[in-house]
Amino acid sequence: MTERAPFAFDAAELDTLRAALGRMGEGFEALPPVAGAPSNAQAARDVLIEAATRLQDNFPYFHPLYAGQMLKPPHSVARLAYALAMWINPNNHALDGGRASSAMEKEAVAGIARMFGWETHLGHLCGGGTMANLEALWVAGRLRPGAAVLASSQAHYTHARIGAVLGLPFEEIPCDARGRLDAAALARRLGQGGVGTVVATLGTTATGSVDPLPEILSLRDRHGFRLHADAAYGGYFGLSDNLGADARGSFDRIGEADSIVVDPHKHGLQPYGCGCVLFRDPSVGSLYKHDSPYTYFSSTELHLGEISLECSRPGAAAVALWATMRLLPLERGGEFARGLSDSRAAALELHRRLAADRRFLCAFEPELDIVVWMARAPRASASSALARRVFDEAARRGLHLALVELPAGFFDLDGAGIARDRETVTCLRSVLMKPEHREWLDRIWTILDAAADAAGREKGA
Ligand SMILES: Cc1ncc(COP(=O)(O)O)c(C=O)c1O
């Protein structure tokens, strides 16, 4: 593979954009010309250069040495398609504001639904995972008014907040030692009654753990709750070919959930502002029924605003997603799926090296592509401090990791001779979500190795 500068600018991309803009313009040639907007090209250039200078103040999210939080660059076709659509700036609320981009959204969303095995569905794009979960739980609350929503203690923090926004009682169910919803604890809570909805997280934010869907589905058979799958992070992983048996078992049955959330702006190679909510039963669309005196005039076909809580939405997000899925279809064995398998392979390899190293203590094997580990020290508090030093030393050497506060129970502290003087431990965390992370693992390891040594030598270690 040829190497290129880390921030290479590919002039061919602009040629492609120019060609696409030319084609789009052909559709509007019959319009009478308008006076060009007064422009000060030099002033605009100066401002843009100033903005570019400001943007240097970022971690290098696009580079494989950024292996910290969930940040991944959009595919170049998504970037170009988004930019192309900006010349129109469609609004997918109504067909009046975004006819073509609404059609593209419907096609793209149907493609995502098919990935989950749904030939029929109701769904649309939205701002991101939080908005998508809000919508799924809003529907759940309308169908089960006043009944509790349950999610694991490792579910995304916004679920509790969404419960508060919707006025639904929200309760946390404990996790097992692998960060997955504890099915036995769930069964006990269900026995007390009053539960309307259970949220299963397929890919938790902190550790990428996958809740045990087969067990949760068995409990649904017995208790009849509504099941929402928050697969904002993990949703696409069903396409990969190297999941462990438990995660595979859950992804194979995700289509049995009543609603699913997946974020194209996480693993779907999209710019931010692209979440997706899907409902298995299209008839929930009737819950959205409203009259708009302003918008729905140009067509009797479905306007996406008729089935979404948000009003104005960027049609450009749909154009970018549609283009990406056209280039990289969501199919097992395809290029997109291979990228996910590579990320998971990178995570497994990092976990293997960490587990074999006396300076570190691993929690459990990653189920997706997120790795978490402790720095070994006599006490949990000293380990937390040491993890922060490793984090800083790694960053000083150009490797950007993340930190996460995890329950001490995720680790075998007794077995490792680490005193449990805190209930949580500050751990190192790496989200290896770029396929290139696999090839970069040796370099990542070399830096981590040096950073851990340096951190261990520092005063107080
Ligand atoms: C599992 C899960 N759900 C929901 C969210 C919230 O998504 P967003 O940040 O797009 O609102 C996240 C974000 O990381 C997540 O990991």
Side-chain angles (χ1 to χ4, degrees), residues 61 66-74 78 112 116 123-138 140 149-166 170 172-173 175 178-181 197-213 216 227-238 247 250-251 254 257 259-278 308-310 313-314 317 320-321 340 343 347 366-372 402-406 429-434:
Y61 311 116
Y66 185 86
Q69 311 279 6
M70 290 171 176
L71 291 153
K72 176 169 175 160
I112 294 176
F116 296 122
H124 61 85
L125 302 180
C126 57
T130 305
M131 268 313 297
N133 282 321
L134 171 79
E135 197 144 334
L137 294 183
W138 175 75
V149 176
L150 310 183
S152 91
S153 51
Q154 286 291 311
H156 197 263
Y157 75 91
T158 46
H159 285 289
R161 185 185 287 174
I162 289 169
V165 168
L166 296 173
F170 175 84
E172 263 183 25
I173 300 296
C175 279
R178 289 162 60 192
R180 307 160 359 127
L181 183 145
T197 305
V198 172
V199 177
T201 306
L202 273 72
T204 59
T205 315
T207 63
S209 299
V210 178
D211 285 349
L213 209 52
I216 297 171
L227 180 59
H228 171 58
D230 179 359
Y233 185 73
Y236 289 104
F237 270 93
S250 288
F251 279 104
I254 191 171
S259 51
I260 304 176
V261 157
V262 60
D263 271 353
H265 73 194
K266 290 191 171 61
H267 256 300
L269 301 168
Q270 297 309 297
Y272 282 112
C274 194
C276 177
V277 60
L278 295 163
S308 82
L309 288 183
E310 285 174 287
R313 288 194 296 109
L321 180 63
L340 294 161
S343 285
E367 293 203 88
L368 301 181
D369 56 358
I370 302 177
V371 189
V372 291
L403 291 167
V404 60
E405 201 67 21
L406 291 178
R429 168 170 169 266
S430 181
V431 179
L432 294 168
M433 69 191 298
K434 301 180 197 101

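Both ligands and their constituent atoms are indexed starting at 1 by order of listing. Just so you know, these numbers use all the heavy atoms, side chains as well, and skip hydrogens, waters and symmetry mates.
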Asker: State, without any angle test, whether D263 and Y272 hold a side-chain donor-acceptor pair at a distance under 3.5 Å.
Answerer: no

Asker: Out of all atoms in ligand 1, which are within 4.0 Å of some heavy atom of A232? Include the element for each.
Answerer: 2 (C), 3 (N), 4 (C)

Asker: Do H159 and D230 get their side chains close enough for a donor-acceptor pair, meaning under 3.5 Å?
Answerer: yes

Asker: Taking non-hydrogen atoms only, is V261 closer than 4.0 angstrom to ligand 1 via side chain, backbone, both or neither?
Answerer: neither

Asker: Could you check atom 11 (O) of ligand 1 against the protein and tell me its nearest heavy-atom contact, residue, atom and distance included?
Answerer: T130 OG1, 2.6 Å

Asker: With only distance considered, is T158 within less than 3.5 Å of ligand 1 through an N or O on each side?
Answerer: no

Asker: If you define the side chain from C-beta out and look only at heavy atoms, does anything of L213 sit under 4.5 Å from L227?
Answerer: yes

Asker: Measure D263 to ligand 1 on non-hydrogen atoms and call it side chain, backbone, both or neither using the 4.0 Å cut-off.
Answerer: side chain

Asker: G129 versus ligand 1: do any nitrogen or oxygen atoms come within less than 3.5 Å of each other?
Answerer: yes

Asker: What I want to know is whether T205 and ligand 1 share at least one N or O pair that is separated by under 3.5 angstrom.
Answerer: yes

Asker: Which of the numbered atoms in ligand 1 are below 4.0 angstrom from a heavy atom of N133?
Answerer: 3 (N), 4 (C)

Asker: Please work out whether any backbone atom (N, CA, C, O) or any side-chain heavy atom from C-beta onward of M70 is under 4.0 Å from ligand 1, and answer side chain, backbone, both or neither.
Answerer: side chain

Asker: What about F237 and H267, are their ring centers closer than 6.0 Å?
Answerer: yes

Asker: Testing the basics here: between P73 and Y61, what is the closest heavy-atom pair and its distance to 0.1 Å?
Answerer: CD-O, 4.2 Å

Asker: Check for me whether H265 has a heavy atom closer than 4.0 Å to any atom of ligand 1.
Answerer: yes

Asker: Taking distance alone, with N or O pairs closer than 3.5 Å, would you say H159 contacts ligand 1?
Answerer: no

Asker: Going by atom types alone, do R180 and Q154 pair a side-chain donor with an acceptor below 3.5 Å?
Answerer: no

Asker: So which heavy atom in the protein is nearest atom 12 (C) of ligand 1, and how far is it from that ligand atom?
Answerer: H156 CD2, 3.2 Å

Asker: Nearest protein heavy atom to atom 9 (O) of ligand 1, by residue and atom, and its distance?
Answerer: K266 NZ, 3.7 Å

Asker: If every non-hydrogen atom of G208 is compared with every non-hydrogen atom of L368, which pair is closest and at what distance?
Answerer: O-CG, 3.4 Å

Asker: Report yes if D230 has an N/O atom closer than 3.5 Å to an N/O atom of ligand 1; otherwise report no.
Answerer: yes

Asker: Looking at side-chain heavy atoms only, is the closest gap between Y233 and H156 below 4.5 Å?
Answerer: no

Asker: Hey, are the side chains of V149 and L166 touching, using non-hydrogen atoms and a 4.5 Å cut-off?
Answerer: no

Asker: Do you know which two heavy atoms are closest between A78 and L269, and how far apart they sit?
Answerer: CB-O, 3.5 Å

Asker: Number the atoms of ligand 1 from 1 as they appear, then name those within less than 4.0 Å of a heavy atom of G128, with their elements.
Answerer: 10 (O)

Asker: Using a 4.0 Å cutoff against the non-hydrogen atoms of G203, which atoms of ligand 1 qualify?
Answerer: 1 (C)

